[in-house]
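Single-structure report; data block below.
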There are 2 protein chains.
Amino acid sequence: MSLPHAILTALLEKPSSGLELTRRFDRSIGYFWSASHQQIYRELGKLEAEGYIRALPAEQPARGQKKSYEVLPAGRAELTRWTAASQDPKPLRDPLLLRLRAAAVVGTAGIEADLRHHLHLHRRQLAEYEEIQQRDFPPGSHTPQNRLQHLILRAGIDLETFWTRWLMDALEEFERLPAQDPPSRDSTV
Amino acid sequence: MSLPHAILTALLEKPSSGLELTRRFDRSIGYFWSASHQQIYRELGKLEAEGYIRALPAEQPARGQKKSYEVLPAGRAELTRWTAASQDPKPLRDPLLLRLRAAAVVGTAGIEADLRHHLHLHRRQLAEYEEIQQRDFPPGSHTPQNRLQHLILRAGIDLETFWTRWLMDALEEFERLPAQDPPSRDSTV
DNA sequence: CCCCACATGTAATCCGTTACATGATTAT
DNA sequence: ATAATCATGTAACGGATTACATGTGGGG
């Protein structure tokens, strides 16, 4: 149940139309909560029906016309409630680690190239975060709001740093590994 | 599309019944790909229908009776194919970071206790991983298979280490923060 | 005999993804 | 006029979660 609250947060920061939200979910907020435009439009409809947001009164009927939304008091209250409520962290779910585990059983053929690909993408993301850090959080800029935002960004930076290092480790391990492909302790195949 | 492959991997390691798989998904494999028993039973049905696995012939008809499965050659082939195929990493999705961002808008009241709770859980998970490391990967035990498994475990350890550190950082930040709750630059509420 | 744990499932709902549809505006 | 682009949606599907249902076997 996070998407509606992500949208409420974005709309509080700045009232927007569906497409503008979609754009913003490709940057800032999307760095840790992505969403497609279909999800966003559907959710905007629900939020409006529940009385959490409303369309800005600019008299646009329907399709093809821009339609901006703003948060109503009930929406802000709901977001406040959700922010303060306790939630358990979800267990980790990572396809790449799963694939490595599978590779330990059926052989590592082909996986190395993909590790390189992942490494490339994580490096790029890390560079993007570091650019943002230099631009938006120069040393000595700390209002309370800034501190929180910077804390969030640092999580992103540290996570990408972890993945980058771990993937380099993994690739090193693979180079040292005998290139044998299927361990095949199971010879029935 | 990872669950069926997680199940195939688990069944290759050891033929099992649905409940046994559920148990194993609460430990080892579940550390990076969790699944409920409902998901597992449904998926076992599909995998059997597709000819990837079969029930071990022990003549059990239906409900209440144990029913074990083993992987067929087609299943192993499919797992091999999937392991080698390239996949893009999914963008990060983390409700806690989202909540912090929301807190920067509607106030940080109540969130600190939950950060402590998360910290506790991550510390516990880290301790569990480290125990496994000492038990299963003592220094000097490196068959190729072991190296891969250890690599995967190290990812878990490093991730939990990251979260533990980051949460301690965050809590420190909160203590330094003025205890004001709603920044409320928006006074229309 | 009854209850509980073991074991296997079904049903309803929600969320996310993919593909497609439609209207309005602007440039050529 | 027409094509491209902006903008808002619909429909269909599949995976995950939650709640519930059903049957077996053993201990008290």
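Letters A, B, ... mirror the listed sequences (proteins, then strands); counts begin at 1. Source: prediction; values computed, not measured.
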Review item, nucleotides 18-20 of chain C N/O atoms under 3.5 Å of protein N/O:
from   : atom 1 : to    : atom 2 : distance (Å)
C/dA19 : N6     : A/Q38 : NE2    : 2.7

Subject >> Sequence neighbours excluded, every pair satisfying salt bridge (charged side-chain N to carboxylate O under 4.0 Å, His left out) that has a member inside residues 16-32 of chain B >> reply: B/E13-B/R24, B/E20-B/K66

Original post:
side chain to side chain contact (heavy atoms under 4.5 Å, CB included) with B/R99: which of B/L115, B/D94, B/D114?
Top reply: B/D114

Subject >> With sequence neighbours excluded, residues passing side chain to side chain contact (heavy atoms under 4.5 Å, CB included) with B/S34 >> reply: A/P91, A/R93

**OP:** Could you check how far CD of A/E50 sits from P of C/dC14, rounded to whole Å?
**Re:** 11 Å

Subject >> d(CG, A/L47; P, D/dG9) in whole Å >> reply: 13 Å

Subject >> A/Y41 side-chain N/O to D/dT8 phosphate OP1/OP2 under 4.0 Å >> reply: yes

Original post:
Please give, in whole Å, the distance from D/dC6 C1' to A/K67 NZ?
Top reply: 16 Å

Subject >> Whole-Å distance separating the CG atom of A/L56 from the P atom of D/dT8 >> reply: 12 Å

**OP:** Please identify each residue that fulfils side chain to side chain contact (heavy atoms under 4.5 Å, CB included) with B/A35, with sequence neighbours left out.
**Re:** B/L3, B/F25, B/Q39, B/I40

Original post:
Can you list every salt bridge (charged side-chain N to carboxylate O under 4.0 Å, His left out) pair that touches residues 38-48 of chain A, not counting sequence neighbours?
Top reply: none

Subject >> Listed partners of A/D158 passing side chain to side chain contact (heavy atoms under 4.5 Å, CB included), at least two apart >> reply: B/F162

Protein-nucleotides 13-15 of chain D N/O pairs under 3.5 Å:
from   : atom 1 : to    : atom 2 : distance (Å)
D/dG15 : OP2    : B/K46 : NZ     : 2.9

**OP:** Return the residues of residues 95-102 of chain B meeting this criterion: a heavy atom under 4.0 Å from some atom of DNA chain C. Order them by number, or give none.
**Re:** none

Original post:
Which pair of non-hydrogen atoms, one from A/T83 and one from A/L79, has the smallest distance, and what is that distance?
Top reply: OG1-O, 2.7 Å

Original post:
Starting at CG of A/L44 and ending at C1' of D/dA7, how long is that distance when rounded to a whole Å?
Top reply: 13 Å

Original post:
Expressed in angstrom and rounded to an integer, what is the separation of B/E20 atom CD from C/dG9 atom C1'?
Top reply: 17 Å

Subject >> Upstream residue (5' side of DNA chain C) when B/K90 and B/S17 are each assigned their closest nucleotide >> reply: B/S17

Original post:
By ring pair (Phe, Tyr, Trp, His ring centres under 6.0 Å), which residues pair with A/H150, not counting sequence neighbours?
Top reply: A/F137

Original post:
side chain to side chain donor-acceptor pair (under 3.5 Å) with A/H117: which residues, sequence neighbours excluded?
Top reply: B/D88

Scan the side chains in residues 121-131 of chain A for donor-acceptor partners under 3.5 Å anywhere in the protein, sequence neighbours excluded, and list what turns up.
from   : atom 1 : to     : atom 2 : distance (Å)
A/H122 : ND1    : A/E160 : OE1    : 2.6
A/E128 : OE2    : A/Y31  : OH     : 2.5

Subject >> Partners passing side chain to side chain contact (heavy atoms under 4.5 Å, CB included) against A/S2 (at least two apart in sequence or in another chain) >> reply: A/W33, A/W82, B/P95, B/L98

Subject >> Separation of C/dC6 C1' from B/R23 CZ (nearest whole Å) >> reply: 8 Å

Original post:
In terms of side-chain heavy atoms of A/L19, which of C/dG9, C/dA7, D/dT8 is nearest?
Top reply: D/dT8

